[in-house]
2 protein chains.
Amino acid sequence: MIERAHLKIIQALADNGTLTEAANALFLTQPALSHQIRYLEKKLGVALWQREGRQLRLTQGGELLLQTARQLLPVLEKTEQTLQAYGEGRQGMLRIGVECHPCHEWLKGILANFLVALPDMDVDIVNKFQFSGLEGLLNHHVDLLVTPDVVRNKAVIYEPLFDYELVLLVPDDHSLSVNESIFAEDLINETLLTFPVPHDRLDIFTQFLLPALISPKTKGIASLDIMVQMVALKRGVTVLPSWLANEYCQQLPVTTVSLGKHGLQKTLFAAMRESNMAINYLQTFITLGKQAV
Amino acid sequence: MIERAHLKIIQALADNGTLTEAANALFLTQPALSHQIRYLEKKLGVALWQREGRQLRLTQGGELLLQTARQLLPVLEKTEQTLQAYGEGRQGMLRIGVECHPCHEWLKGILANFLVALPDMDVDIVNKFQFSGLEGLLNHHVDLLVTPDVVRNKAVIYEPLFDYELVLLVPDDHSLSVNESIFAEDLINETLLTFPVPHDRLDIFTQFLLPALISPKTKGIASLDIMVQMVALKRGVTVLPSWLANEYCQQLPVTTVSLGKHGLQKTLFAAMRESNMAINYLQTFITLGKQAV
DNA sequence: CTCAATCATGAATATTTCTTATAGATAAGG
DNA sequence: CCTTATCTATAAGAAATATTCATGATTGAG
């Protein structure tokens with residue numbers, strides 16, 4: 001019944017004094033406005049303005065409609081602007097899921113660049129998922145997932161972001177510390193410190209130990225910091241990304257050794273719903289992520 | 001750009017789950033909604049929903065539009081209801097001007113009836129005017145004027161409300177108190193107590209004394225109560241509506257005497273702008289005013 | 001695999017809105 | 001007092017917009 005046009009007409013009339021002026025301001029002709037309000041008056045059964053000489057004067061009803069116009073029109077304009085900003089990828093909320101510790105560490109580095117590039121974007125980081133990160137992505141709990149695991153799904157696109165190597169961390173004076181690289185068999189008598197998750201979710205098992213049918217003693221530790229401390233205190237060895245390991249090497253008596261002759265190479269991926277591929281800020285994130293080597 | 005229809009569609013979709021259901025709820029066909037939102041998406045350059053299997057899911061933009069819809073639609077509906085109430089004369093603000101003391105006294109009696117008859121109406125009473133009450137009516141400072149003076153004006157309609165008589169008030173033991181009525185000459189040696197306004201605005205002069213070329217001593221008094229007290233104390237005589245005078249006669253040693261053989265008859269009128277004649281609550285006021293004899 | 005449910009699309013139709021032309025009313029100026 | 005300029009209302013036709021109908025595509029269930 002009351003349309004945006006009516007609100008605009010009443011406001012333009014109040015702002016411009018005469019209907020003719022109001023029509024110019026709205027890039028319409030005067031009869032257009034006359035007709036519109038006439039129609040509304042008929043529908044509502046109330047007069048909205050009255051002729052007074054050659055002027056129009058708002059009735060009580062017209063004044064009420066004017067109030068409504070002044071309240072609602074700015075809201076509509078704001079919404080339009082924000083939606084346009086969404087469309088151009090300047091504004092919005094990016095919800096990022098991270099499933100692994102290296103993912104989280106890596107994200108911290110890239111995030112600042114992203115927020116500088118798109119100052120009006122909000123970012124939310126989610127690292128607890130009811131099931132898997134992929135579920136979170138498909139259920140729209142997150143819009144982007146940083147993960148090293150590629151799980152084939154036709155609704156999801158994976159973009160490689162960052163290559164790194166998993167290395168073994170040993171005490172400086174450990175017998176393996178002199179090697180450039182080791183074989184799976186070298187770990188047979190070691191205590192392996194890992195995050196407390198099933199072995200099939202740890203690359204050191206799936207890609208290094210299991211193929212060689214080696215299965216050393218393990219101990220689950222929840223915190224990376226404590227894990228590294230325990231390595232320094234010779235309570236075991238652990239496996240972590242080389243760029244993280246190198247930081248610890250400078251502070252503690254620990255050394256890195258490659259896993260296998262060619263090292264254990266990994267890649268972080270950005271996963272997103274295929275339907276979101278075209279969204280600008282997601283592409284921006286991926287571009288920045290690839291640059292930030 | 002964003003029209004009420006778009007808001008209704010997004011809300012109906014959110015409330016009904018599927019577009020087909022939403023279309024039913026809006027008494028439209030599904031393609032109508034599809035086309036509408038498609039148009040808006042093109043205009044704004046942002047997706048508002050996505051197909052997900054055979055469901056639709058709102059995007060961030062769609063969620064924002066939904067928020068806007070939930071905020072604005074109720075306001076529009078409320079405004080429509082209120083305007084309809086205005087049209088039916090159930091609701092609104094009645095601003096009544098009163099120019100004379102009897103008018104004000106009379107208004108007090110009728111007002112309660114009016115407020116009972118139209119419980120949603122607000123009433124404002126104005127008794128100070130920059131110029132005259134008629135000016136106040138023509139300038140839209142009031143919508144209705146209660147006055148005994150009819151000033152011809154083609155934009156104003158006068159409706160008679162109430163007939164009354166102006167009477168002389170004298171002390172019980174005054175020489176004139178025994179008369180049923182008096183002549184202008186009888187007042188020649190009296191002190192006449194009046195409101196402090198020009199004589200040409202007092203009926204006792206314009207309609208009784210001046211035609212007889214009689215001009216007694218006068219004294220201006222601002223308050224009716226004090227005026228009557230002074231009459232009781234034999235400091236003069238005064239003129240007031242009989243229905244007011246009778247109340248004082250019961251409390252004080254004063255008596256009323258008619259002015260001239262047939263008394264000085266007066267009528268209160270309701271004046272309103274001709275353009276407002278059709279407004280229901282004004283007609284209601286007049287009807288109630290005439291009944292309240 | 002088939003069927004039913006759901007949304008998208010394009011063309012045709014229906015409806016609404018706008019403009020043009022004109023008339024009525026009014027205030028200002030000669 | 002008449003004329004003119006200004007402003008709004010109204011009617012009819014033109015233009016724009018919205019809706020429907022017919023259809024195709026996709027998907028999930030049986």
Side-chain angles (χ1 to χ4, degrees), chain A residues 1-10 12-44 46-59 61-62 138-140 153-156 273-275 278, chain B residues 1-44 46-59 61-62 138-139 153-156 273-275 278:
Chain A
M1 192 118 79
I2 298 178
E3 295 298 329
R4 188 175 186 175
H6 301 123
L7 302 180
K8 278 163 61 176
I9 291 171
I10 286 286
L13 176 62
D15 291 347
N16 294 281
T18 76
L19 199 59
T20 310
E21 276 302 302
N24 289 338
L26 296 175
F27 302 105
L28 289 170
T29 58
Q30 167 265 316
L33 314 204
S34 219
H35 278 136
Q36 282 287 346
I37 296 297
R38 176 56 40 106
Y39 163 88
L40 188 60
E41 287 180 332
K42 200 167 242 168
K43 276 280 178 192
L44 291 169
V46 69
L48 296 172
W49 65 42
Q50 300 179 325
R51 286 191 72 160
E52 193 131 308
R54 50 183 166 183
Q55 292 278 95
L56 293 181
R57 180 195 293 272
L58 293 185
T59 61
L138 292 170
N139 291 340
H140 289 253
N153 183 313
K154 75 173 168 179
V156 175
R273 293 184 296 276
E274 195 269 339
S275 58
Chain B
M1 192 122 77
I2 299 177
E3 295 297 328
R4 188 174 184 176
H6 300 123
L7 302 179
K8 276 162 64 176
I9 292 171
I10 286 286
Q11 190 174 52
L13 176 63
D15 291 347
N16 293 281
T18 76
L19 200 59
T20 310
E21 277 301 303
N24 289 338
L26 295 174
F27 303 104
L28 289 170
T29 59
Q30 166 265 317
L33 315 203
S34 221
H35 283 311
Q36 281 286 346
I37 296 296
R38 177 54 40 103
Y39 163 88
L40 188 60
E41 287 181 331
K42 201 168 242 167
K43 276 281 179 190
L44 291 170
V46 68
L48 296 173
W49 64 42
Q50 299 178 330
R51 285 192 74 157
E52 193 131 306
R54 49 183 164 183
Q55 292 277 95
L56 293 181
R57 180 194 290 274
L58 294 186
T59 61
L138 291 170
N139 292 339
N153 183 312
K154 74 174 168 181
V156 175
R273 292 184 296 276
E274 195 270 339
S275 58

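Model, not experiment: these values are computed from the prediction. Both backbone and side-chain heavy atoms feed into the values below; hydrogens, waters and symmetry mates do not. Quick note on labels: first sequence line is chain A, next is B, and so on, each numbered from 1.
Protein chain A touches strand DNA chain C; the 5'-most and 3'-most nucleotides with an atom under 4.0 angstrom of its non-hydrogen atoms are C:dT17 to C:dA27.
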Contacts table for residues 15-23 of chain B: side-chain donor-acceptor under 3.5 angstrom, sequence neighbours left out:
unit_1 : atom_1 : unit_2 : atom_2 : d
B:D15  : OD1    : B:R70  : NH1    : 3.4
B:D15  : OD1    : B:R70  : NH2    : 2.9
B:N16  : ND2    : B:A12  : O      : 2.7
B:T18  : OG1    : B:E21  : N      : 3.1

I'd like a table of donor-acceptor pairs (distance under 3.5 Å, sequence neighbours excluded) in which one partner is a side-chain atom from residues 25-42 of chain B, with atom names and distances.
unit_1 : atom_1 : unit_2 : atom_2 : d
B:Q36  : OE1    : B:H6   : NE2    : 3.0
B:R38  : NE     : B:E41  : OE1    : 3.4
B:E41  : OE2    : B:L48  : N      : 2.7
B:E41  : OE2    : B:W49  : N      : 3.4

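Under the rule for a side-chain hydrogen bond (donor to acceptor under 3.5 Å, both in side chains), the partners of B:R273 that lie at least two apart in sequence or sit in another chain are B:H140, B:D143.
The closest side-chain heavy-atom distance from A:V46 to A:T59 is not below 4.5 Å. Annotation: side chain of B:L56 is in contact with side chain of B:R51 (closest heavy-atom distance under 4.5 Å).
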Tabulate atom names and distances for all N/O pairs under 3.5 angstrom spanning the protein and nucleotides 19-21 of chain D.
unit_1 : atom_1 : unit_2 : atom_2 : d
D:dT19 : OP2    : B:Q36  : NE2    : 3.0
D:dT20 : OP2    : B:T29  : N      : 2.7
D:dT20 : OP2    : B:T29  : OG1    : 2.6
D:dT20 : O4     : B:H35  : NE2    : 3.2

Expected rows: protein N/O vs nucleotides 4-6 of chain D N/O, under 3.5 Å:
unit_1 : atom_1 : unit_2 : atom_2 : d
D:dT6  : O4'    : A:R54  : NH1    : 3.1
D:dT6  : O2     : A:R54  : NH1    : 2.9

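Spacing between atom NE2 of B:H6 and atom P of D:dT17 amounts to 12 Å, rounded to whole angstrom units. Put simply, CG on B:L56 is 16 Å from P on D:dT26, counting in whole angstrom units. Separating the CD1 atom of A:I37 from the C1' atom of D:dC7 is a distance of 17 Å, rounded to the nearest angstrom. One atom, CD of B:E3, and another, P of D:dA16, lie 17 Å apart when rounded to the nearest Å. Put simply, CG on A:L19 is 13 Å from C1' on D:dT10, counting in whole angstrom units.
One finds a side-chain N or O of A:R38 lying less than 4.0 angstrom from the OP1 or OP2 phosphate oxygen of D:dT10.
The nearest pair of heavy atoms linking A:I10 to A:G62 is CG2-O, 4.0 Å.
From A:R4, atom CZ reaches atom CD1 of B:I2 across 6.5 Å, with rounding to the nearest 0.5 Å. Going from atom NZ of A:K43 over to atom CE of A:M1 covers 7.0 Å, rounded to the nearest 0.5 Å.
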